[in-house]
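Computed from a predicted model, the values in this text were never measured in an experiment.
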Amino acid sequence: MDTASAPPLAAPLDIAFDYTRSLGPVLGRFMTGLRDRRVLGARTADGRVHVPPLEYDPMTHTPVTELVSVSPTGTVTSWTWTDRPLDGQPLDRPFGWALIRLDGADTALLHAVDAGTRESMRTGMRVRVRWAAERSGDIRDIACFEPGPGPPRAPDDTTGGDPGSAPGTNSDPATSGDPVIGIVTPIRLSYTHTTSAEESRYLHALAEGRLLGQRCPACRKVYVPPRVCPADGLPTEEEVPVRDHGTVTTFCVVNVPFAGQRLEPPYVVAQVLLDGADIPIPHLILGQAGDVRMGMRVAAVWRDPTTWTTTPENIAHFRPTGEPDAPYESYQEHL
C-alpha cells in the first residue's frame with residue numbers, strides 16, 4: 001500500500017466517564033425536592049431567591065440555610081434554538097435552550113423548552129415544568145419546560161397545572177423517601193480526530209505489524225509516534241523502523257477498580273522505551289504485577305494479524321522477555 005499518497009486517517013472518538021458528586025445539605029435538599037416535584041430556591045441575606053440554590057451567600061460569604069419553595073411556572077428571559085439536538089440532550093427533537101425565571105425566584109434557571117417550533121419561542125413567554133415520569137433526585141427530574149399560558153403564579157403554588165402535584169409552602173416542603181445525598185452525572189465528549197500525514201503513516205505501519213518512528217532533523221532523536229520535536233519545535237522527517245522490544249522506565253500498579261475497566265486489577269501501566277526510540281510510550285504490562293520493575297526488558301504481544309487495523313490496539317500488551325535488566329544509564333534520561 002502506498003501510504004505516502006493515502007489521505008489522512010480520521011475516526012470518531014468518545015471520551016466518557018461517570019462523575020459522582022456528594023451534594024451537601026443545600027443541593028441535597030434541592031435535588032430531593034425535584035424528586036418530589038418541588039422546586040426550591042435559596043434566600044440570601046439581601047432577600048433574593050436563587051434558583052438553583054447557592055450554597056454560600058455571595059455578599060456575606062456565609063452558608064445559606066433558608067430554602068423556600070418557588071413555583072414551577074415562570075418566564076423566559078432569553079433563549080436560543082437548537083435545530084439538531086445532540087445525543088444526551090433533554091429532547092430528541094428541535095427545542096429551545098432558555099433562561100427561565102421561575103415565579104418567586106430572582107435568578108434564572110437554564111433548561112430546555114419544548115416549544116415545537118422556533119417561531120413559538122419568544123422572550124417573555126410563560127412556561128411551566130414538565131416533570132419526568134420517573135424521578136431520582138437529579139436536574140433531569142425536570143424533563144423540560146413547556147409553554148404554559150397565564151399570569152405569574154404565587155410562590156406557594158407548586159402544581160404548575162399538574163393535578164398530581166401537591167401544593168407546597170414557603171418553607172422547605174416535606175419530602176417522601178430518603179433524602180438525596182449524591183448524584184452520578186455521565187460526562188461524554190464525542191469528536192472526530194483527523195491525523196497528520198505522519199501519524200497516518202505510523203498507523204498504516206501498525207496495520208502491517210510494524211512500528212515506525214521519525215527522527216528530528218536537529219537533535220536527531222527518534223519519536224514514536226511521530227510528532228513535532230518538543231525540544232527543538234521542528235517536525236520530525238526521516239522515518240526510522242523501531243523494534244517492538246523495549247525497556248520499562250517507570251510504571252504504576254493499578255489496584256483500584258472503576259466503571260468500564262477492561263482488566264481485573266492488579267495490572268501494570270508502564271512507560272516503555274522501545275529499542276531505537278528516544279521517548280517512551282505508555283502501555284500495559286501483563287503477568288505478575290509484583291514482578292514489574294524499572295529496567296525490565298519487555299516485548300510487544302500483537303493481536304491476531306487478521307484483526308489488525310490502523311489503531312494502536314494492534315498491540316494487546318507487553319510481556320517480560322526474561323532478558324537481563326537494562327542498565328540504569330540506558331534509560332535514566334527518560335524517567
Side-chain angles (χ1 to χ4, degrees), residues 9 11-22 182 184-191 193 195 199 202-213 221-227 230 241-335:
L9 297 168
L13 295 177
D14 288 323
I15 299 175
F17 65 95
D18 288 338
Y19 174 66
T20 302
R21 172 181 173 172
S22 298
V184 178
T185 303
I187 305 296
R188 181 176 181 180
L189 173 64
S190 300
Y191 65 100
H193 175 66
T195 67
E199 288 177 302
Y202 167 75
L203 293 172
H204 281 299
L206 276 177
E208 300 169 357
R210 299 182 296 115
L211 284 165
L212 193 64
K221 289 185 177 180
V222 175
Y223 294 100
V224 180
R227 68 196 68 191
V242 176
R243 285 192 72 199
D244 62 357
H245 286 54
T247 301
V248 173
T249 60
T250 57
F251 66 95
C252 71
V253 180
V254 179
N255 289 297
V256 179
F258 54 86
Q261 199 169 29
R262 290 189 284 181
L263 295 174
E264 182 178 350
Y267 58 90
V268 172
V269 178
Q271 294 289 328
V272 178
L273 182 64
L274 298 173
D275 296 346
D278 291 290
I279 192 169
I281 62 170
H283 222 297
L284 299 171
I285 308 291
L286 297 190
Q288 294 296 320
D291 294 337
V292 178
R293 58 195 177 274
M294 295 170 63
M296 172 183 276
R297 295 287 297 163
V298 293
V301 176
W302 294 79
R303 299 187 189 276
D304 183 345
T306 61
T307 68
W308 287 349
T309 59
T310 51
T311 73
E313 293 189 356
N314 294 344
I315 295 178
H317 59 272
F318 281 75
R319 60 166 181 81
T321 64
E323 302 172 69
D325 289 356
Y328 175 73
E329 294 75 15
S330 67
Y331 61 87
Q332 64 178 347
E333 295 182 1
H334 303 282
L335 302 182

Could you tell me whether the side chain of S22 and the main chain of G182 form a donor-acceptor pair under 3.5 Å?
no

For D244, all residues meeting side chain to side chain donor-acceptor pair (under 3.5 Å), sequence neighbours excluded
W302

Partner set under side chain to side chain donor-acceptor pair (under 3.5 Å) for H245, not counting sequence neighbours
R243

Separation between CG (N314) and CZ (R210), nearest 0.5 Å, reads 12.5 Å

So, using side chain to side chain contact (heavy atoms under 4.5 Å, CB included) as the criterion, who are the partners of P12 when residues are at least two apart?
none

Side chain to side chain donor-acceptor pair (under 3.5 Å) against T249, all qualifying residues, sequence neighbours excluded
none

Using the test side chain to side chain contact (heavy atoms under 4.5 Å, CB included), find all partners of T20 that sit at least two apart in sequence or belong to another chain.
V184

List the atom of F318, the atom of A300, and the distance in Å for their closest heavy-atom pair.
CD2-N, 3.4 Å

Please collect all salt bridge (charged side-chain N to carboxylate O under 4.0 Å, His left out) contacts where either partner lies in residues 258-272, sequence neighbours excluded, each pair once.
R262-E313

Using distance only, find each side-chain donor-acceptor pair of residues 326-335 under 3.5 Å and give its atom names and separation, not counting sequence neighbours.
| residue | atom | partner | partner atom | Å |
| --- | --- | --- | --- | --- |
| S330 | OG | P327 | O | 2.6 |
| H334 | ND1 | D278 | O | 3.4 |

Donor-acceptor pairs are to be reported for all side-chain atoms of residues 281-299 against protein atoms at under 3.5 Å, with residues two or more places apart or in another chain.
| residue | atom | partner | partner atom | Å |
| --- | --- | --- | --- | --- |
| H283 | NE2 | I315 | O | 3.4 |
| R293 | NE | D325 | OD1 | 3.3 |
| R293 | NE | D325 | OD2 | 2.7 |
| R293 | NH1 | D291 | O | 2.9 |
| R293 | NH2 | D325 | OD1 | 3.1 |
| R297 | NH1 | G246 | O | 3.3 |
| R297 | NH1 | T247 | OG1 | 3.0 |
| R297 | NH1 | D275 | OD1 | 2.9 |
| R297 | NH2 | D275 | OD2 | 2.8 |

At their closest point, which heavy atom of N255 faces which heavy atom of P266, and how far apart are they?
OD1-CB, 3.3 Å

Taking only residues two or more places apart in sequence or in another chain, which ones pass side chain to side chain donor-acceptor pair (under 3.5 Å) with W308?
none

Do you know which two heavy atoms are closest between T310 and A207, and how far apart they sit?
CG2-CB, 3.9 Å

Return the CZ to OG1 distance between R303 and T311, rounded to the nearest 0.5 Å.
8.0 Å

With sequence neighbours excluded, tell me which residues meet salt bridge (charged side-chain N to carboxylate O under 4.0 Å, His left out) with D14.
R188

Point-to-point distance, once rounded to the nearest 0.5 Å, from OH of Y19 to CD1 of I187
8.5 Å

Pairs meeting criterion ring-ring contact (aromatic ring centres under 6.0 Å, His included) with involvement of residues 246-281, two or more places apart
none

Side chain to side chain contact (heavy atoms under 4.5 Å, CB included) partners for P312, two or more places apart:
L203, L206

V242 versus G213, closest heavy-atom pair with distance:
CG2-N, 3.9 Å

Separation of Y202 OH from H204 NE2 (nearest 0.5 Å):
13.5 Å

Side-chain touch D18/P186, heavy atoms, less than 4.5 angstrom
yes

